[in-house]
A.B. asks: 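Provided herewith is a single structure, encoded as structure tokens, for subsequent inquiry.
FYI, side chains are in, hydrogens and waters are out, and symmetry mates aren't considered; it's all heavy atoms of this structure.
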Amino acid sequence: NGRRISEQRYARVQAAEQRARRAQAIERFAERNAFVQAFAKRHNLELAKGALEASGSTLTFELKAEQIKALVNSGDSSVLGIELYREPQIDSAGAENMAASGIDPWAHNNTLARGSGIGVYWTEIGCPDEDDIDAPYTRLSGTPHWHSQIVGDVLRDVSPDSTMYCRADWTLPTQNDLTELNPSVDVVNQSGSIDEQTSYDTCDQERDDFVYVHSIPWFNSAGNEGDTATGDDGLVGGCGQGLNVITLGNYIHEDQTIEIESSWIDPSTGNDKPEVVAPATSTSRASPHAAGFSVDSMSQSTWQKNKPHLVKAKQIAGATDEIAGGYDKVGVGGIDFLSSHYDGWNFWWHGNNGDFSSWDAADGVADNYITQQVFIPNTYDGVRIAMTWLTRGTYTFDHKDDAHAIGMDLDLTVYDPSGSYVGSSSSWDNAWEVVDFTPTTSGYYTFKIKRYSNNDTANKMRVGVAVNFYND
């Protein structure tokens with residue numbers, strides 16, 4: 001928020017924030033469980049096993065037709081929607097290439113960027129035996145399954161020193177997972193999605209709210225339906241449609257071309273998916289590849305912890321590898337660790353919805369723009385500035401049939417040292433913007449953030465900006 005502090009002091013601030021987050025989570029979970037129990041009692045419903053251990057905001061019941069009708073007609077304001085439960089399907093796996101993404105050598109040859117001290121959680125049909133994944137690894141639930149073994153192997157290969165946790169049944173980290181595991185859960189991956197889901201659904205809402213509430217980045221596979229892209233086929237799968245979620249497509253590294261099966265058709269909410277792609281033969285391996293990539297980056301730059309908006313901004317800003325296939329299928333490009341991790345600047349803003357006005361006025365002019373200057377040398381081939389922000393999944397779900405479901409919309413504009421316009425980004429439905437340009441002169445460039453709309457006034461400000469310098 002514009003204040004300068006030493007690295008040592010910031011480490012103390014981070015530790016204090018982590019303790020406060022855990023205390024708040026414990027209090028929040030107690031309130032949630034009291035609400036859930038009261039809801040079940042009010043409607044005479046039997047809670048499913050694990051309902052009081054879950055951390056999400058949706059509940060799963062086995063109901064008869066008359067019970068569904070009673071809920072619909074109850075007028076209970078806590079019921080935002082009722083849907084048929086559908087379990088995510090695995091997005092089949094294949095080989096990855098860590099040289100193509102720059103993990104090898106730019107992460108693996110850096111002893112500080114191999115995932116040490118970072119907890120990465122993945123959820124699957126089942127989970128590997130603890131003897132089948134190199135330590136440190138804990139199986140939180142489930143029995144072995146071939147797909148979870150492959151996904152776990154990718155996570156371990158990409159982030160060799162990380163601490164890994166697996167929980168079965170496609171579930172969010174539980175309350176105990178979020179308050180007791182050490183190291184804490186810092187990154188989440190899910191290599192599975194719901195096929196042919198045409199609109200933003202509860203699976204997306206839960207994951208968006210998880211990222212928003214717990215400040216933990218979520219990576220999800222796009223699905224492998226892209227080769228039959230007619231009608232509903234080719235849609236990015238459910239669970240991967242969320243605005244806060246980082247959704248991965250996959251490309252063939254030998255010829256830098258998008259894999260034909262990688263899903264790419266955007267959801268009905270209009271947000272662009274996938275945002276980035278990774279080298280792999282399926283999206284199931286692309287997603288943990290990108291998740292492990294961020295684990296490695298976070299282990300050296302620990303200030304990325306609990307900043308999913310900044311993690312996503314760095315993924316987008318650093319995805320500068322040109323992949324053939326077009327923007328709809330590729331997103332902004334292929335992930336690149338050298339491009340993302342080493343050269344550039346990072347900024348973030350945290351506060352309540354109304355704090356935007358204070359940040360706007362900080363430059364002496366209240367003009368509905370947050371203004372930031374950054375020094376950029378002209379010795380690089382290109383610059384990419386990416387901005388992301390968090391939105392409330394509950395709001396998006398409640399407004400998914402609106403023309404624009406997003407609760408808050410920000411725009412990004414860039415000016416060169418002389419004040420001349422460089423470029424801008426102002427999408428309608430994404431919770432991210434990106435501007436690419438060639439730095440023709442060295443000096444202080446200015447980027448401005450405008451709040452175009454603020455329909456969800458309960459949405460807190462969680463904004464991240466990554467300024468990436470790179471060479472082709």
A.B. asks: Which heavy atom of I323 sits nearest a heavy atom of G333, and at what distance?
C.D. replies: CG1-C, 4.4 Å
A.B. asks: Return the minimal non-hydrogen interatomic distance between L243 and D208, and the atom names on each side.
C.D. replies: N-OD2, 2.9 Å
A.B. asks: Working note: N33 + Q175, criterion side-chain hydrogen bond (donor to acceptor under 3.5 Å, both in side chains); need CA distance, chi angles, decisive distance, verdict.
C.D. replies: CA-CA 10 Å; N33 288 350; Q175 298 174 24; 3.0 Å; yes
A.B. asks: Would you say that more than 12 heavy atoms from the other residues, nucleotides or ligands in this model lie under 6.0 Å from the NZ of K460, or not?
C.D. replies: no
A.B. asks: Got Q315 and T388 here, is their nearest side-chain heavy-atom distance under 4.5 Å?
C.D. replies: no
A.B. asks: Rounded at 0.5 Å granularity, tell me how far CG in N97 sits from NE2 in H253.
C.D. replies: 3.5 Å
A.B. asks: State, without any angle test, whether S282 and N224 hold a side-chain donor-acceptor pair at a distance under 3.5 Å.
C.D. replies: no
A.B. asks: What I'd like to find out is whether the side chain of V332 reaches to under 4.5 Å of the side chain of R384, using heavy atoms alone.
C.D. replies: yes
A.B. asks: Consider side chain to side chain contact (heavy atoms under 4.5 Å, CB included). Of R139, H145, Q149, which one does P128 pass it with?
C.D. replies: Q149
A.B. asks: Is there a donor-acceptor pair under 3.5 Å between the side chain of S299 and the backbone N or O of G115?
C.D. replies: yes
A.B. asks: Once rounded to the nearest 0.5 Å, what's the spacing between atom CD1 of I194 and atom SG of C239?
C.D. replies: 4.0 Å
A.B. asks: Please tell me whether E206 and T58 have a donor and an acceptor in their side chains that are separated by less than 3.5 angstrom.
C.D. replies: yes
A.B. asks: Kindly say whether G393 contributes a backbone atom to a donor-acceptor pair with the side chain of D209 at under 3.5 angstrom?
C.D. replies: yes
A.B. asks: Ignoring hydrogens and angles, tell me if any N or O in the side chain of T143 forms a donor-acceptor pair with the backbone of G126 under 3.5 Å.
C.D. replies: no
A.B. asks: Where do V276 and A319 come nearest, in terms of heavy atoms and distance?
C.D. replies: CG1-CB, 3.6 Å
A.B. asks: Judged by atom type as modelled, is there a donor-acceptor pair below 3.5 Å linking the side chain of T396 to the main-chain atoms of R392?
C.D. replies: yes
A.B. asks: Using 0.5 Å steps for rounding, measure from the OG atom of S101 to the CZ atom of F337.
C.D. replies: 9.0 Å
A.B. asks: For the side chain of R22 and the backbone of Q18, is there at least one donor-acceptor N/O pair under 3.5 Å apart?
C.D. replies: no
A.B. asks: Less than 4.5 Å apart, any side-chain heavy atom of Q256 and any of E322?
C.D. replies: no
A.B. asks: Side chains of Y452 and N454, heavy atoms from C-beta outward: is any pair under 4.5 Å?
C.D. replies: no
A.B. asks: Are H289 and Y251, when compared by the centres of their aromatic rings, separated by less than 6.0 Å?
C.D. replies: no
A.B. asks: Considering non-hydrogen atoms only, spot the tightest contact between S199 and D204 and give its length.
C.D. replies: O-OD2, 4.3 Å
A.B. asks: List the atom of S287, the atom of Q190, and the distance in Å for their closest heavy-atom pair.
C.D. replies: OG-O, 3.9 Å
A.B. asks: Hey, what's the ring geometry for W348 with H350, parallel, tilted or perpendicular (30° and 60° as the breaks)?
C.D. replies: tilted
A.B. asks: Would a 4.5 Å heavy-atom cut-off, applied to side chains only, mark I258 and W264 as touching?
C.D. replies: no
A.B. asks: Counting only heavy atoms not in E53 (residues, nucleotides, ligands), do more than 12 fall under 6.0 Å from its CD?
C.D. replies: no
A.B. asks: Counting N and O atoms only, with roles assigned by atom type, does the side chain of S425 sit under 3.5 Å from a partner on the main chain of L412, one being a donor and the other an acceptor?
C.D. replies: no
A.B. asks: Could you pull out all residues at least two apart from R451 that satisfy salt bridge (charged side-chain N to carboxylate O under 4.0 Å, His left out)?
C.D. replies: none
A.B. asks: Checking side-chain polar atoms at under 3.5 Å, does N271 have a donor or acceptor matched by the opposite partner on T269?
C.D. replies: yes
A.B. asks: Counting N and O atoms only, with roles assigned by atom type, does the side chain of N250 sit under 3.5 Å from a partner on the main chain of A280, one being a donor and the other an acceptor?
C.D. replies: yes
A.B. asks: For the CH2 atom on W303, are there more than 12 heavy atoms of other groups (residues, nucleotides or ligands in this structure) within a distance under 6.0 Å?
C.D. replies: yes
A.B. asks: Any donor and acceptor pair, going by atom type alone, linking the side chain of T283 with main-chain N or O of L248 inside 3.5 Å?
C.D. replies: no
A.B. asks: We want to know whether N110 and Q300 form a side-chain donor-acceptor pair, criterion being a heavy-atom distance below 3.5 angstrom.
C.D. replies: yes
A.B. asks: Among residues at least two apart in sequence or on other chains, which ones pass side chain to side chain contact (heavy atoms under 4.5 Å, CB included) with T163?
C.D. replies: P136, Y165, P183
A.B. asks: Determine whether the side chains of H43 and D76 contain a donor N or O and an acceptor N or O closer than 3.5 Å.
C.D. replies: yes
A.B. asks: Would you mind listing every salt bridge (Lys or Arg N to Asp or Glu O under 4.0 Å) that reaches into residues 272-282, with sequence neighbours excluded?
C.D. replies: K273-E275, E275-K312
A.B. asks: Please examine the side chains of F469 and Y342, heavy atoms only from C-beta on, and report whether any two atoms are closer than 4.5 Å.
C.D. replies: no
A.B. asks: Would you say the side-chain atoms of S159 pair up with the backbone N or O of G292, donor to acceptor, closer than 3.5 Å?
C.D. replies: no
A.B. asks: Mind checking the CH2-OH spacing from W218 to Y121? Nearest 0.5 Å is all I need.
C.D. replies: 6.5 Å
A.B. asks: Could you tell me whether Y137 and W122 have their ring centroids closer than 6.0 angstrom?
C.D. replies: yes
A.B. asks: Name all residues meeting the salt bridge (charged side-chain N to carboxylate O under 4.0 Å, His left out) criterion together with D336; count only those two or more places apart in sequence or in a different chain, and write none if there are none.
C.D. replies: none
A.B. asks: Side chains of S191 and N189: is there a donor and an acceptor less than 3.5 Å apart?
C.D. replies: yes
A.B. asks: Any salt bridge (Lys or Arg N to Asp or Glu O under 4.0 Å) pairs touching residues 175-193, not counting sequence neighbours?
C.D. replies: R167-D177
A.B. asks: Can you tell if the side chain of V414 reaches within under 4.5 Å of the side chain of V383, non-hydrogen atoms only?
C.D. replies: no
A.B. asks: For the CZ atom of R21 and the CG atom of L178, what is their distance to the nearest 0.5 Å?
C.D. replies: 12.0 Å
A.B. asks: If the condition is side chain to side chain contact (heavy atoms under 4.5 Å, CB included), which residues does N471 pass it with, not counting sequence neighbours?
C.D. replies: Y380, D381
A.B. asks: How close do S294 and V311 get, counting heavy atoms only, and between which atoms?
C.D. replies: OG-CG1, 3.5 Å
A.B. asks: Does CD in E62 sit with more than 12 non-hydrogen atoms of other residues, nucleotides or ligands closer than 6.0 Å?
C.D. replies: no
A.B. asks: Without hydrogens or angle criteria, can the side chains of N220 and S193 be said to hold a donor-acceptor pair below 3.5 Å?
C.D. replies: no
A.B. asks: Take F61 and L71 through the test side-chain contact (heavy atoms from CB on, under 4.5 Å) and record every step on the way to the result.
C.D. replies: CA-CA 12 Å; F61 295 100; L71 273 176; 5.6 Å; no
A.B. asks: Is it true that, when you exclude E254 itself, more than 12 heavy atoms of the residues, nucleotides or ligands shown sit nearer than 6.0 Å to its CD?
C.D. replies: yes
A.B. asks: Determine whether the aromatic ring centres of W106 and F293 lie less than 6.0 Å apart.
C.D. replies: no
A.B. asks: Quick one: sort the W349 and F447 rings into parallel, tilted or perpendicular, breaks at 30° and 60°.
C.D. replies: perpendicular
A.B. asks: Is the shortest heavy-atom distance from the side chain of M98 to the side chain of V158 under 4.5 Å?
C.D. replies: yes
A.B. asks: So, S427 versus E433: side-chain donor-acceptor pair below 3.5 Å or not?
C.D. replies: yes
A.B. asks: Would you call R156 and D134 a salt bridge, using N to O less than 4.0 angstrom?
C.D. replies: no
A.B. asks: Looking only at atom types and distance, does a side-chain atom of T123 sit under 3.5 Å from a main-chain N or O of T171, one as donor and one as acceptor?
C.D. replies: yes
A.B. asks: Measuring from atom CD of Q205 to atom OH of Y212, what distance do you get when rounded to the nearest 0.5 angstrom?
C.D. replies: 13.5 Å
